[in-house]
Amino acid sequence: QVRLVESGGASVQGGGSLRLSCAGSSDTFTYGSYCLAWFRQAPGKEREGVAAISSADPTTYADSVKGRFTISHANGDRILYLQMNNLNPDDSARYYCAARRGTARCTLDAGDFVHWGQGTQVTVSS
């Protein structure tokens, strides 16, 4: 069983930066075996894929965050990161990390992911 725990959410002003972290509890949660991703959901809106990464595919980003967000993985620590720069109020949401076994076809299709964290809140003020 893979347990995912997010951290790093906060309230920031527009233009600011945050780095989210997601720690995986299982010894099998390794970059070489999993497709890993960040999603977000704001109140009243559908869940949105933000970024995905695997050892087999290039990183994938939603158009709304390209050039501002960077997804990365520290395999030795089994931690997934999301560096978020130049934040704006539209980025306000609860951010979730997600994982599923297999590195091929690692996209932002939420239905592909089996393991989910509880989320961390990001609030950006104008």
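Hydrophobic clustering places Val50 together with Val12 (ILVMFWY residues linked when any side-chain heavy atoms are closer than 4.5 Å, directly or through intermediates). In this structure, Ile53 is not a member of the same hydrophobic cluster as Tyr96, with clusters built from ILVMFWY side-chain heavy atoms closer than 4.5 Å. No chain of hydrophobic side-chain contacts below 4.5 Å, direct or via other Ile, Leu, Val, Met, Phe, Trp or Tyr residues, connects Phe113 to Val65.
For Asp57 (side chain) and Arg105 (main-chain N/O), a donor-acceptor pair under 3.5 Å exists by modelled atom type. Side chain of Glu6 to main chain of Cys22: no donor-acceptor pair is present (N/O by atom type, distance under 3.5 Å, no hydrogens or angles). Remark: the backbone N or O of Leu80 is not paired with any side-chain donor or acceptor of Trp38 at under 3.5 angstrom. Side-chain N or O atoms of Tyr61 include one that pairs as donor or acceptor with a backbone N or O of Ile71 at under 3.5 Å. Within the 3.5 Å criterion, the main-chain N or O of Gly9 finds a donor-acceptor partner in the side chain of Thr120. Between the side chain of Ser92 and the main chain of Val124, a donor-acceptor pair closer than 3.5 Å is present.
Legend: residues meeting salt bridge (charged side-chain N to carboxylate O under 4.0 Å, His left out) with Arg3, ordered by chain and number and at least two apart, are absent. Residues passing the salt bridge (charged side-chain N to carboxylate O under 4.0 Å, His left out) test with Lys45: none are found, sequence neighbours excluded.
One distance of note links CZ of Arg94 with CZ of Arg47; it measures 13.0 Å at 0.5 Å rounding. With values rounded to the nearest 0.5 angstrom, Tyr34 atom OH is found 11.0 Å from Arg100 atom CZ. Remark: Asp109 CG to Thr60 OG1 distance equals 11.5 Å, nearest 0.5 Å.
By the 30° and 60° cut-offs, the orientation of the rings of Tyr95 relative to Phe69 is tilted. Classification of the Phe39-Trp116 ring pair by plane angle, with boundaries at 30° and 60°, yields tilted.
Each of Leu20, Asp91, Leu82, Val122 was evaluated against Arg40; a single residue qualifies, Asp91, per the side-chain contact (heavy atoms from CB on, under 4.5 Å) test.
For CD of Gln121, the number of neighbouring non-hydrogen atoms (other residues, nucleotides, ligands) closer than 6.0 Å is greater than 12.
Met84 places none of its side-chain heavy atoms less than 4.5 Å from the side chain of Thr70.
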